[in-house]
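Counting begins at 1 with the first residue of the sequence.
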Amino acid sequence: AGINPDGSFEVYNDYVETTLGYTAEEFKNFENALQLVMKDADERQKALNNFRQKPGNFNEYHLTTKNGNERIQYWATFSLFEDKTIIFGYDLTELKETQAKLQEREKELKKLNATKDRFFSIIAHDLKNPLNALNGFASLLKEEYDEYDEEERNEIIQNIIISTENMSKLLQNLLEWSRSQMGRLS
């Protein structure tokens, strides 16, 4: 679009209609077309000041569409004639929305990662005790097998079985939790 210093449009293309919903007539007949799309007076004044500055101005603006939705656009302004400013606009709305979703997802993933790290720490601690018991009973049985009678050996073997059953239950719970978390991440 081409804009005069007072904010009225000289030149029009389909970009304004496709992104903001206003027709060429609505823009051409409006004394200050920026009032249609920039509801905030300060932002409107900032835009006019930017248009009047030297060529090569690049700014982001929050615009309101005809149906009331907000669009975020990046405008590059160039002065081609003495009092005429040409604007090349690029709509950033979807990009900004995607960026916000990615940032939210990143926060969520960091939180899940911290939970996973705490969980693994707890699991390592909880597996350590039954493994130490299992190792201790097996070593005891191996090193001093002949020193124990049949009943004592059976008691040591029973303790080994209890330790392995506890580990098995812990691992089963871990597996079930892991499956439930996989469903949460999908």
Side-chain angles (χ1 to χ4, degrees), residues 1-126 173-186:
I3 301 182
N4 292 318
D6 67 355
S8 62
F9 277 72
E10 278 284 314
V11 180
Y12 174 81
N13 64 26
D14 290 342
Y15 179 79
V16 174
E17 189 168 357
T18 58
T19 60
L20 300 174
Y22 292 100
T23 65
E25 280 308 306
E26 288 173 303
F27 262 68
K28 287 180 183 177
N29 294 330
F30 196 76
E31 185 178 300
N32 186 344
L34 288 179
Q35 287 181 356
L36 282 175
V37 295
M38 290 185 180
K39 303 304 181 195
D40 182 86
D42 291 337
E43 186 165 32
R44 196 167 48 248
Q45 189 58 52
K46 174 185 159 193
L48 284 171
N49 291 341
N50 288 335
F51 298 156
R52 292 181 186 121
Q53 288 179 1
K54 63 181 179 166
N57 236 319
F58 302 92
N59 293 285
E60 184 178 298
Y61 297 102
H62 294 259
L63 308 177
T64 303
T65 64
K66 188 173 184 177
N67 63 10
N69 294 328
E70 184 181 285
R71 304 298 295 178
I72 302 168
Q73 293 191 358
Y74 187 74
W75 288 359
T77 58
F78 301 96
S79 295
L80 297 182
F81 305 106
E82 206 171 286
D83 284 337
K84 305 282 190 247
T85 300
I86 303 298
I87 298 174
F88 296 95
Y90 181 77
D91 196 300
L92 299 174
T93 307
E94 285 79 19
L95 179 66
K96 294 286 188 173
E97 289 169 354
T98 300
Q99 200 174 37
K101 287 176 187 175
L102 285 172
Q103 288 171 343
E104 186 60 37
R105 188 68 175 151
E106 181 184 17
K107 286 180 190 174
E108 189 178 317
L109 288 173
K110 283 181 180 180
K111 183 178 175 184
L112 286 171
N113 199 35
T115 300
K116 174 201 57 114
D117 290 346
R118 282 192 308 272
F119 185 72
F120 282 155
S121 175
I122 292 167
I123 292 300
H125 182 267
D126 287 353
N173 289 338
L174 176 60
L175 183 59
E176 288 172 14
W177 178 84
S178 174
R179 286 181 182 152
S180 75
Q181 294 304 301
M182 285 178 167
R184 242 180 78 196
L185 291 176
S186 309

Inset, instruction - Evaluate the ring planes of F58 and Y74, with Trp represented by its six-membered ring, and classify them as parallel (under 30°), tilted (30 to 60°) or perpendicular (over 60°). - result: parallel

Inset, instruction - Could you tell me whether K111 and E108 have a side-chain N and a carboxylate O separated by less than 4.0 Å? - result: no

Inset, instruction - List in chain and number order the residues that pass side chain to side chain contact (heavy atoms under 4.5 Å, CB included) with T65, two or more places apart in sequence or in another chain; answer none if no residue qualifies. - result: L20, N67, N69, R71

Inset, instruction - Mind checking salt bridge (Lys or Arg N to Asp or Glu O under 4.0 Å) for K110 and listing every partner two or more places apart, or none if nothing turns up? - result: E106

Legend entry - Contacts of type side-chain hydrogen bond (donor to acceptor under 3.5 Å, both in side chains), residue E70, not counting sequence neighbours: H62

Inset, instruction - Go through the structure and list residues passing side chain to side chain contact (heavy atoms under 4.5 Å, CB included) with K116, not counting sequence neighbours. - result: N113, F120

Inset, instruction - Under the ring pair (Phe, Tyr, Trp, His ring centres under 6.0 Å) rule, collect the residues that match up with F119, sequence neighbours excluded. - result: W177

Inset, instruction - Kindly write out the residues that satisfy side-chain hydrogen bond (donor to acceptor under 3.5 Å, both in side chains) with K66, not counting sequence neighbours, or none if the list is empty. - result: E26

Legend entry - Side chain proximity check, Q73 to L92, heavy atoms < 4.5 angstrom: no

Legend entry - Qualifying residues under side chain to side chain contact (heavy atoms under 4.5 Å, CB included), relative to D42, sequence neighbours excluded: D40

Legend entry - For E104, side-chain hydrogen bond (donor to acceptor under 3.5 Å, both in side chains) partners two or more places apart: none

Inset, instruction - Indicate the atoms forming the closest heavy-atom contact of I72 with T93, along with that distance. - result: N-OG1, 2.8 Å

Inset, instruction - Not counting sequence neighbours, which residues clear side-chain hydrogen bond (donor to acceptor under 3.5 Å, both in side chains) with E60? List them please. - result: K96

